[in-house]
Participant: 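Before anything else, here's the structure in question.
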2 protein chains.
Amino acid sequence: MVVNIINDVQRMLKEERHQYILAKIKLSRKVLSTDLSIELKVSEDTIRRDLNELSSKKLIKKVHGGALPIDNLASSYLERSNFNLEEKNTIAKKALSLIKDGQVIIMSGSTTNLQLAKIIPSDINATIYTYSLPIALELTKHPSIEIIFIGGKLYKPAQVTIGLDVVSSISQLRTDLCFMGTEGINVSSGMTEPNWEVSHIKKCMISASNKVIVLCTKNKINKIKRYAVAPIHKIDTIVTNINPTDSTFNDFKEKGVKIL
Amino acid sequence: MVVNIINDVQRMLKEERHQYILAKIKLSRKVLSTDLSIELKVSEDTIRRDLNELSSKKLIKKVHGGALPIDNLASSYLERSNFNLEEKNTIAKKALSLIKDGQVIIMSGSTTNLQLAKIIPSDINATIYTYSLPIALELTKHPSIEIIFIGGKLYKPAQVTIGLDVVSSISQLRTDLCFMGTEGINVSSGMTEPNWEVSHIKKCMISASNKVIVLCTKNKINKIKRYAVAPIHKIDTIVTNINPTDSTFNDFKEKGVKIL
DNA sequence: AATTTTGATGCATAAAAACGCGTAAAAATG
DNA sequence: CATTTTTACGCGTTTTTATGCATCAAAATT
């Protein structure tokens with residue numbers, strides 16, 4: 001019996017096929033199982049299994065006959081933004097009451113702020129400065145808010161601009177309100193951040209703004225991170241997802257911080 | 001017997017049709033089953049089934065004879081970006097070949113550029129300046145591209161920043177390549193734009209860049225708009241969705257413009 | 001009201017997907 | 001090194017899906 005060596009010579013590994021498929025989808029926006037079967041010299045069955053795998057990893061959208069790219073805009077940020085959505089929305093709703101018509105506001109890039117941006121009623125007029133891509137994008141849907149985007153080098157994981165440009169832009173501003181998320185807040189250490197760049201930017205935001213409002217979920221309270229942003233007395237209001245009368249806040253209240 | 005190759009060549013996947021229909025509805029506020037049947041080369045029957053599906057997903061409002069948009073004022077940019085996707089992708093693929101590793105590039109906010117941003121291979125290194133939110137967001141998915149966002153006041157319909165800040169930022173730049181879309185290009189009038197702000201920004205881009213590459217679909221060629229951007233000799237290359245040997249381009253070639 | 005356009009429904013068919021099974025190579029195990 | 005176990009595939013077979021067509025019902029149009 002003749003052994004067909006030729007056939008065996010070139011068979012791609014599964015992983016290689018996957019790479020190939022992803023690359024092709026990226027480039028052509030569409031792949032057909034039949035084409036792939038021919039191109040990769042495996043049965044359509046195998047292609048289908050490949051497609052199913054990639055699809056279950058959310059890397060492609062499998063459809064009858066082939067696959068298409070997954071549409072969605074952002075991935076990692078988007079995932080985070082859907083985390084603890086319930087809490088974030090609670091906070092956002094409370095924070096809404098602090099916005100008055102005609103104000104100039106600066107917002108940090110936190111996912112809670114994104115929630116806030118989503119629910120600002122369309123009859124509110126305001127000017128919002130931000131350095132977060134998703135927040136700016138969200139606000140473009142709003143009919144009357146004026147958006148000023150603060151440019152600079154993009155920090156991909158958080159989809160915000162950072163760096164000197166941002167710092168220098170912000171230090172030239174004067175705003176009424178400043179909404180910012182935080183990674184840690186505590187009476188003695190004040191507000192702290194794990195990221196040096198971010199801590200610096202937040203410092204600028206605070207000195208640029210008349211009132212400082214910190215939005216944070218319960219689990220950030222009493223956490224301390226590496227870099228200091230501001231002592232507690234610089235914070236005007238903390239908005240959280242728990243009851244403002246909770247005893248957790250006693251110390252904060254003594255320092256004159258409002259809890260919402 | 002004649003085998004009809006043409007017929008076999010392109011049949012869209014159901015999902016693709018759906019996307020096409022949605023894009024068209026948003027753009028023209030109305031679609032007719034008969035038109036779609038011809039455009040998508042399927043029976044009206046199938047179109048009706050498509051429309052029913054989309055309608056049951058509340059994405060469109062199905063009516064006698066066709067369908068209408070379901071109120072909501074989704075961002076007009078996204079609408080445009082999914083329209084004529086095929087052509088835009090063709091252009092983007094061609095344009096890809098012009099990008100070399102390590103270059104500094106500036107991109108305008110055109111939807112064709114968005115397509116380009118989507119398909120840049122992950123092994124390419126480059127620095128990209130842009131003032132388009134969607135493009136910047138798209139590029140955050142790329143592992144190695146450095147993105148610099150040019151800040152300023154946001155122009156919502158196009159999701160780009162405009163204004164003095166943008167102009168002044170760009171005039172301080174020096175880039176290797178400049179990819180820009182256009183609303184009209186013509187041998188005698190050169191490149192033209194309907195929007196004054198945009199025309200001004202594009203002028204800056206051109207003078208900041210070593211090479212100027214214009215991406216445009218066939219239908220923009222020989223159109224003339226209100227505001228001049230640049231005479232034809234400032235353009236190095238035009239990338240379109242049609243064959244570069246097409247006679248349409250003869251005049252352009254005489255002026256030294258490369259066609260891709 | 002008559003006529004023309006659309007829409008819905010059932011049916012036929014071809015293509016694609018899923019499922020189960022067998023096999024052979026690769027990896028793990030004793 | 002022998003032998004299990006696992007993994008990756010391919011091949012039938014059965015289901016499901018996508019689509020067109022014919023027919024009849026429901027509109028819109030005249």
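These figures come from a predicted structure and were not determined experimentally.
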Participant: Over how many whole Å does the gap from B/D35 atom CG to C/dT6 atom C1' extend?
Facilitator: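 Roughly 14 Å, once rounded to whole Å.
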Participant: I'd like to check A/Y20 versus A/L36 (side-chain heavy atoms, cut-off strictly below 4.5 Å). Are they in contact?
Facilitator: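 SC-SC contact between A/Y20 and A/L36 confirmed.
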Participant: I need the CD1-P distance between A/I47 and D/dC9, as an integer number of Å.
Facilitator: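 Roughly 9 Å, once rounded to whole Å.
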Participant: NZ of A/K218: more than 12 outside heavy atoms within 6.0 angstrom?
Facilitator: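 No.
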Participant: If I take atom NZ in residue B/K14 and atom C1' in nucleotide D/dT19, what distance separates them, rounded to the nearest angstrom?
Facilitator: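 Roughly 11 Å, once rounded to whole Å.
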Participant: B/S33 side chain N/O closer than 4.0 Å to the phosphate oxygens (OP1, OP2) of C/dG7?
Facilitator: yes
Participant: Between A/D45 and A/E53, name the one whose nearest nucleotide on DNA chain D is closer to the 5' end.
Facilitator: A/E53
Participant: If every non-hydrogen atom of B/K211 is compared with every non-hydrogen atom of B/D236, which pair is closest and at what distance?
Facilitator: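 Closest heavy-atom pair between B/K211 and B/D236: CA-OD2, 3.4 Å.
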Participant: Considering only C/dA18, C/dT6, D/dA18, which nucleotide approaches the side chain of A/R48 most closely?
Facilitator: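 Closest nucleotide to the A/R48 side chain: C/dA18.
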Participant: Nearest 0.5 Å, what's the NZ-CG distance between A/K24 and A/L32?
Facilitator: 7.0 Å
Participant: Roughly, in whole Å, what's the span from CD in A/E16 to P in D/dC9?
Facilitator: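 To the nearest whole Å, that distance equals 10 Å.
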Participant: Quick one: A/L36 CG to C/dA17 P, roughly how many Å, whole number?
Facilitator: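 Distance, rounded to whole Å: 11 Å.
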Participant: Is a donor-acceptor pair below 3.5 Å formed from side chain B/R49 to base C/dG7, judging by atom type as modelled?
Facilitator: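 Not at all, since no donor on one side and acceptor on the other fall under 3.5 Å apart.
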Participant: Distance alone, cut at 3.5 Å: any donor-acceptor contact between the side chains of B/S37 and B/T34?
Facilitator: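 There is no such pair between these side chains.
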Participant: For A/E44 and C/dA17, what is the distance between atoms CD and C1' respectively, to the nearest whole Å?
Facilitator: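 Taking atom C1' of C/dA17 as the reference, CD of A/E44 is at 10 Å.
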Participant: Would you say C/dA18 has OP1 or OP2 under 4.0 Å from some side-chain N or O of A/N52?
Facilitator: yes
Participant: Is any side-chain nitrogen or oxygen of B/K62 closer than 4.0 Å to OP1 or OP2 of C/dA8?
Facilitator: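 Yes, because at least one side-chain N or O of B/K62 sits under 4.0 Å from OP1 or OP2 of C/dA8.
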Participant: Does D/dC9 have its OP1 or OP2 closer than 4.0 Å to a side-chain nitrogen or oxygen of A/R17?
Facilitator: yes
Participant: How far does the helix from C/dA1-D/dT30 to C/dG30-D/dC1 bend, going by the axes of its first and last five pairs, to the nearest 10°?
Facilitator: 40°
Participant: OP1 or OP2 of C/dT6 less than 4.0 angstrom from a side-chain nitrogen or oxygen of B/H64, does that happen here?
Facilitator: no
Participant: Look at the side-chain N and O atoms of B/T46 and state whether any lies under 4.0 Å from the OP1 or OP2 oxygen of D/dT19.
Facilitator: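 Answer no for this pair, as no side-chain N or O of B/T46 is under 4.0 Å from OP1 or OP2.
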Participant: What is the minimum heavy-atom distance between B/H142 and B/I124, and which atoms define it?
Facilitator: CE1-O, 3.2 Å
Participant: Between A/L32 (CG) and C/dA15 (P), how many Å, whole number?
Facilitator: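 Atom CG in A/L32 sits about 14 Å away from atom P in C/dA15.
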Participant: Closest heavy-atom contact between B/L133 and A/T140?
Facilitator: CD2-CG2, 4.2 Å
